[in-house]
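Each remark here refers to the structure printed beneath this line.
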Amino acid sequence: MTQKAAKTIYWIGTALTSLWFGASGFFEITGNPIVWNITRQLGYPPHFIYILGVAKLSGVAVLLTPGKLLRLKEWVFAGVYFDIIFAFGSKVAVLGFPATIDAIVAFVMVSVTYLMFRKIYPAPVTHSGLS
């Protein structure tokens, strides 16, 4: 795969991830009844929903910053994965497997985006000095 193709896939994935988690974060901080009712049904308290919304919107801002904040982007990807995994687990436990389709789609989308991120920005090799 060429670097240009990897960048194209990365930015499409970043845009889709940002739309998905940006909309979710916006709905969480504005108290959208659909999002809040589902999240409350899963057992999460109101203060957590607000915090999650702020974290998602902050993460989207980092993801959309081109060519900078690479280490912070790693943390954002980790946070997104935690969000997806907890959503999947909560939905399986409370609502059943069919309710997890969105989490599965998000996992695949974010995984492809992260793989392209790593192709564009390979992780630096570090030496611990322990041989």
Side-chain angles (χ1 to χ4, degrees):
M1 173 177 299
T2 66
Q3 193 75 354
K4 183 177 179 180
K7 284 183 179 183
T8 301
I9 294 168
Y10 168 73
W11 280 110
I12 290 170
T14 298
L16 293 173
T17 299
S18 296
L19 283 171
W20 187 311
F21 286 89
S24 175
F26 176 77
F27 292 146
E28 287 160 350
I29 64 170
T30 59
N32 178 280
I34 296 170
V35 171
W36 269 67
N37 289 342
I38 292 169
T39 310
R40 294 287 293 150
Q41 185 179 2
L42 295 174
Y44 294 101
H47 69 276
F48 177 78
I49 301 170
Y50 284 117
I51 293 167
L52 189 59
V54 170
K56 286 179 182 179
L57 292 176
S58 300
V60 165
V62 170
L63 286 180
L64 292 175
T65 304
K68 297 181 191 267
L69 308 172
L70 301 181
R71 180 150 326 208
L72 194 52
K73 284 182 188 190
E74 287 282 348
W75 283 87
V76 170
F77 278 113
V80 167
Y81 277 115
F82 280 119
D83 179 73
I84 294 168
I85 290 165
F86 286 123
F88 179 87
S90 297
K91 287 181 176 185
V92 164
V94 176
L95 304 174
F97 186 78
T100 66
I101 299 304
D102 60 338
I104 294 168
V105 170
F107 184 84
V108 171
M109 176 183 67
V110 173
S111 294
V112 170
T113 304
Y114 180 73
L115 289 171
M116 295 303 106
F117 173 73
R118 278 286 130 234
K119 183 156 181 62
I120 298 166
Y121 304 105
V125 176
T126 59
H127 300 281
S128 66
L130 302 174
S131 298

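Quick caveat, the model's predicted, so the values are computed rather than measured.
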- prompt: How would you list, by chain and number, every residue that makes a side-chain contact (heavy atoms from CB on, under 4.5 Å) with A103, sequence neighbours excluded?
  reply: I84, F88

query: What residues, two or more places apart in sequence or in another chain, satisfy side-chain contact (heavy atoms from CB on, under 4.5 Å) together with Y114?
result: E74, F77, Y81, F117, R118

Check the hydrophobic clustering (I, L, V, M, F, W, Y; side-chain heavy atoms under 4.5 Å; chains of links allowed) and say if [X] and [Y] are grouped together.
X: V76; Y: L19; answer: no
X: V60; Y: M109; answer: yes
X: I120; Y: L69; answer: yes

- prompt: Can you check whether F97's main-chain N or O pairs, donor with acceptor, with T100's side chain at less than 3.5 Å?
  reply: yes

message: Does anything in residues 9-35 form a salt bridge (Lys or Arg N to Asp or Glu O under 4.0 Å)? List the pairs, not counting sequence neighbours.
response: E28-K56

Apart from [X] itself, what residues make up its hydrophobic cluster, given side-chain heavy atom links below 4.5 Å?
X: V54; answer: I29, L57
X: Y50; answer: W36, I49
X: Y44; answer: I34, I38, L42, F48, L52, F82, F86, V94, L95

message: Can you give me the closest heavy-atom contact between K73 and K68, atom names plus distance?
response: CE-O, 3.2 Å

field: Heavy-atom side-chain contact between V105 and W20 under 4.5 Å
entry: yes

4.5 Å side-chain heavy-atom contact, F27 and T39: no

message: Apply side-chain contact (heavy atoms from CB on, under 4.5 Å) to residues L63 and F21 and explain how you reach the verdict.
response: CA-CA 11 Å; L63 286 180; F21 286 89; over 6 Å; no

field: Approximate separation, where rounding is to 0.5 Å, of R40 CZ and N37 CG
entry: 9.5 Å

For residues 4-15, please give each side-chain donor-acceptor pair under 3.5 Å, one per line with the distance, not counting sequence neighbours.
| unit_1 | atom_1 | unit_2 | atom_2 | d |
| --- | --- | --- | --- | --- |
| T8 | OG1 | K4 | O | 2.9 |
| T14 | OG1 | Y10 | O | 2.8 |

- request: Name all residues meeting the salt bridge (charged side-chain N to carboxylate O under 4.0 Å, His left out) criterion together with K91; count only those two or more places apart in sequence or in a different chain, and write none if there are none.
  value: D102

